[in-house]
Amino acid sequence: MKLPEANNFIEQIINEELEAGKFESVGNKIQVRFPPEPNGYLHIGHIKAMCINFGVKDKYNGKLNLRMDDTNPAKEDYEYVNSIVEAVKWLGFEYDKLVFASDYYDKLYEIAEKYILDGVAYVCDLSAEEITATRGTLTEAGKESPYRNRSVEENLKLFREMKAGKYPDGAKVLRAKIDMASPNINMRDPIIYRIAHVPHYRTGDKWCIYPMYDFAHPVSDAIEGITHSLCSLEFENHRPLYNWFVERSGLPKPLPRQIEFARLNITNMLMSKRYLKKLVDEGFVRGWDDPRMPTVMGLKKRGVPPEALKKFCADVGVAKAYSVVNQAQLDSCIRDNLNENAERAMAVLNPLKLTITNYVGEENLSFEKNPLKQDGGERDIKFTGSVYIERDDFSLNPPPKYKRLCKGGTVRLKSAYIVRCDEVKIGADGEAEELFCTYFPETRSGSAQPSEIKAKGVIQWVDAKYGVDAEYRQYKPLLKDEQYPDQDYAERLDTESEKIFYGKAEPYLFENGEGKAYQLIRCGYYKSFAGEKVLSEIVSLKDSFNK
RNA sequence: UGGGGUGUCGCCAAGCGGUAAGGCACGGGAUUUUGAUUCCCGCAUUCGUAGGUUCGAAUCCUGCCACCCCAGCCA
């Protein structure tokens with residue numbers, strides 16, 4: 001068998017198993033799954049998990065189920081499943097089937113009865129507090145439940161009564177009979193089913209008992225014929241239990257194997273649902289798709305191309321060591337992608353009027369839409385000799401090595417002419433209000449530059465007559481510092497994280513609202529924005545692109 | 001003082017007994033009508049630590065040390 005080259009330890013394991021013939025009975029088909037719980041929105045951490053799972057699927061020509069791990073009706077809803085599906089599709093991942101853990105409720109129940117019949121599960125009447133109290137501690141063994149040795153018949157009867165709704169929430173649970181003295185606390189008779197008289201968003205009130213993750217997940221994997229169940233490190237301690245459930249399920253081999261990897265952490269990015277929800281609920285951001293959010297929809301709105309995110313995940317790699325990736329690494333991937341693909345346009349956030357005193361009439365200037373793409377096309381911009389430039393591109397007191405405009409200095413208006421600033425009109429606030437310049441016709445872009453007229457800098461501009469008014473929302477990172485702010489997170493929020501500018505932009509920016517990038521020539525970095533539906537509103541990228 | 005994991009450059013990360021890949025960041029230089037891009041060049045005599053085995057170790061063995069995870073009827 002010809003095996004693909006393994007790019008990480010997971011693929012290495014798969015290769016070894018394939019080589020050993022572990023999956024011959026299923027035609028060497030690898031099956032994986034991506035199993036979010038529909039109780040929140042997908043974020044960049046999930047993207048890493050998707051890249052790993054979809055990556056395995058593609059590499060081995062296998063199958064992947066998008067599975068909603070919906071076994072806790074109190075938290076789940078269609079709102080989330082829809083957003084998850086939407087996010088997966090936007091990222092361009094193609095799954096084979098959309099499935100739900102709740103599809104398996106009948107089968108799961110049946111297997112639970114099998115455990116009872118096999119004498120490895122029992123109904124326990126202990127209260128939640130009592131169970132906690134008898135579970136023991138990290139260093140002490142737990143105590144066996146007094147209900148642990150009920151007969152198979154009694155367990156079956158009780159379990160069926162639980163299912164039939166005879167008992168209130170919390171009155172009874174079904175437990176696995178494993179080992180109360182196990183050093184692995186997960187193995188101390190974990191709960192399989194709990195009673196919850198809560199309607200489920202899919203099954204309604206058909207059930208009043210719901211399976212626990214530790215049971216439902218491995219068994220769902222086995223039901224689907226998953227060969228590799230890839231999850232994050234915190235489930236390592238659950239693996240023995242995973243195997244315990246799967247081995248006793250009676251489901252056909254090959255049984256799924258759980259492999260854990262380190263989850264993604266990025267400096268200054270909080271990904272916990274609890275935290276993100278707070279930001280939304282308490283109005284720190286405009287919603288789950290706010291460009292400052294690390295959610296998939298937030299990233300989309302920020303103008304981040306899916307391919308940049310995939311590249312980032314590929315760069316970061318898959319390993320088991322706890323790590324925090326520097327956000328600069330993400331930014332680099334985004335910049336790379338934008339540099340390669342984004343169409344160019346000019347805009348000024350904070351306009352300063354520049355009038356050319358010796359210019360008459362108007363003309364068209366030609367611009368490349370994307371200098372990196374030979375066939376990127378061109379666009380025309382009107383030039384009337386009266387323009388707006390970025391306020392930062394002019395300085396009353398230029399620092400040493402300043403390359404842009406100052407009084408008496410020259411600068412090139414990109415793709416137009418070199419101008420010299422002759423006069424500065426100072427406003428009441430002491431700041432420059434308008435610049436009066438001379439332009440040099442012979443320096444028109446494209447013509448051979450006369451040696452006597454030079455400009456060190458090149459700045460962007462928007463024509464005063466043809467440029468359109470634009471509102472910019474500029475976002476900064478939500479957190480000033482610290483990875484996990486915990487309870488006092490609110491104090492660390494940067495209240496200036498959203499700033500409004502009223503600037504100018506060339507009309508081209510609005511031709512098709514979304515995902516176009518513009519750049520500030522002065523800084524030479526890219527800012528991307530996802531155009532909102534309202535034309536006058538441009539959302540610029542957060543500060544992370546600043547140097 | 002239980003169990004399960006992990007420790008390779010500032011941050012990720014290859015490496016699987018034959019003499020430390022790559023990316024990000026950083027520094028230097030060249031080209032440039034974006035202080036961007038592109039392009040060169042530099043950036044771990046050393047792999048948590050102390051020993052041992054070996055002709056040879058980041059890789060094998062032993063002991064220490066540090067950090068992470070686990071005591072939800074959440075996932």
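Chain letters run A, B, ... following the sequence lines, proteins first, then strands; residues in each count from 1.
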For atom OH of A:Tyr322 and atom C1' of B:rC11, their distance in whole Å: 13 Å
Please work out if A:Phe235 contacts a base, only the sugar-phosphate, or nothing of the nucleic acid, heavy-atom cut-off 4.0 Å. base
Can you find an N or O donor on one side and an acceptor on the other, under 3.5 Å apart, linking the side chain of A:Thr139 with the base of B:rU1? no
What integer number of Å spans the P atoms of B:rU49 and B:rA57? 16 Å
Do A:Lys311 and A:Asn337 pair up side chain to side chain, a donor and an acceptor below 3.5 Å, judged on atom types alone? no
Find the distance A:Ile185:CD1 to B:rC70:P and express it as a whole number of Å. 10 Å
Given atom NZ of A:Lys454 and atom P of B:rU32, what is their separation to the nearest angstrom? 12 Å
Gap in Å between the two C1' atoms, one belonging to B:rC9 and one to B:rA75, rounded: 37 Å
Rounded to whole Å, CD1 of A:Ile131 lies from C1' of B:rA71 at a distance of 13 Å
Using the P atom as the reference point in each nucleotide, state the distance between B:rG3 and B:rA21 in Å, no decimals. 39 Å
From A:Tyr242 OH over to A:Phe235 CZ, what is the distance, rounded to the nearest 0.5 angstrom? 11.5 Å
Between B:rG72, B:rU33, B:rC74, which nucleotide has the shortest distance from any of its atoms to the side chain of A:Arg135? B:rG72
Tell which nucleotide pairs with B:rA57, taking only Watson-Crick or G-U wobble pairs whose two distances are both under 3.5 angstrom. none
Measure from the side chain of A:Gln329, starting at C-beta and using heavy atoms only, and say which of B:rG35, B:rA75, B:rG23 lies closest. B:rG23
Taking only side-chain nitrogens and oxygens of A:Ser323, does any of them come within less than 4.0 Å of OP1 or OP2 of B:rA13? yes
Candidate nucleotides B:rC74, B:rG35, B:rG23, ranked by approach to the side chain of A:Met212 - the nearest: B:rC74
Assign each of A:Glu234 and A:Tyr402 the nucleotide of RNA chain B bearing its closest heavy atom; nearer the 5' end lies the nucleotide of A:Tyr402
When rounded to the nearest Å, what value does the distance between C1' atoms of B:rA50 and B:rU37 take? 50 Å
Salt bridge or not for A:Asp69 and A:Arg67, using N-O below 4.0 Å? yes
With rounding to whole Å, what would you report as the distance between B:rA66 and B:rG23 at their C1' atoms? 27 Å
Strictly below 4.0 Å, N to O, side chains only: are A:Arg239 and A:Glu260 in salt-bridge contact? yes
Say you pick atom C1' in B:rC61 and the same atom in B:rG17; how far apart are they, in whole Å? 13 Å
A:Glu236 (side chain) and B:rG4 (base): donor-acceptor pair under 3.5 Å: no
Between B:rA75, B:rC70, B:rA25, which nucleotide gets closest to the side-chain atoms of A:Leu138? B:rC70
Taking only the P atom of each, what is the distance from B:rC43 to B:rA20 in whole angstrom? 14 Å
Of the nucleotides B:rG2, B:rU33, B:rA14, which has the atom closest to the A:Ala319 side chain? B:rA14
Whole-angstrom distance between B:rG63 and B:rC69, as gauged at atom P: 26 Å
Phosphate-side-chain proximity, A:Arg263 and B:rU6, N/O vs OP1/OP2 below 4.0 Å: no
Measure from the side chain of A:Ala321, starting at C-beta and using heavy atoms only, and say which of B:rU6, B:rC73, B:rU33 lies closest. B:rU6
Which word best sums up how the rings of A:Tyr201 and A:Tyr78 line up, parallel for under 30°, tilted for 30 to 60°, or perpendicular for over 60°? perpendicular
Pairwise distance CG(A:Asp189) to CD1(A:Ile185) - rounded to 0.5 angstrom: 13.0 Å
Could you check whether A:Leu126 gets within reach of a base, just the sugar-phosphate, or nothing at all, counting any heavy atom under 4.0 Å? base
Taking B:rC24, B:rA75, B:rU33 as options, the one with an atom nearest any side-chain atom of A:Ser415 is B:rU33
N-O pairing of A:Glu76 and A:Arg202 below 4.0 Å: no
Looking at A:Arg239 and B:rG4, is any side-chain donor or acceptor paired with a base atom of the opposite kind under 3.5 Å? no
Looking at B:rC73, B:rC74, B:rG35, which one has an atom nearest to any side-chain atom of A:Ile191? B:rC73
Would you kindly say whether A:Arg33 and A:Ser229 are connected by a side-chain donor-acceptor distance under 3.5 Å? yes
With distance as the sole criterion, do the side chain of A:Gln12 and the base of B:rC16 form a donor-acceptor contact below 3.5 Å? yes
Under a 3.5 Å limit on both distances, the Watson-Crick or wobble mate of B:rG7 is B:rC65
Look at the side chain of A:Val316 and decide which nucleotide, out of B:rC12, B:rA25, B:rA75, has an atom nearest to it. B:rC12
Between A:Ser182 and B:rG3, does any side-chain N or O lie under 4.0 Å from OP1 or OP2? no
Could you identify the nucleotide paired to B:rC26, looking across every strand shown and requiring Watson-Crick or G-U wobble geometry with both distances under 3.5 Å? B:rG42
Ignoring hydrogens and angles, are the base of B:rG3 and the side chain of A:Asn237 linked by a donor-acceptor pair under 3.5 Å? yes
What's A:Lys403 touching, base or sugar-phosphate or nothing? Going by heavy atoms closer than 4.0 Å. base
Describe the nucleic acid contact of A:Lys456 in one word from base, sugar-phosphate, nothing, applying a heavy-atom distance below 4.0 Å. nothing
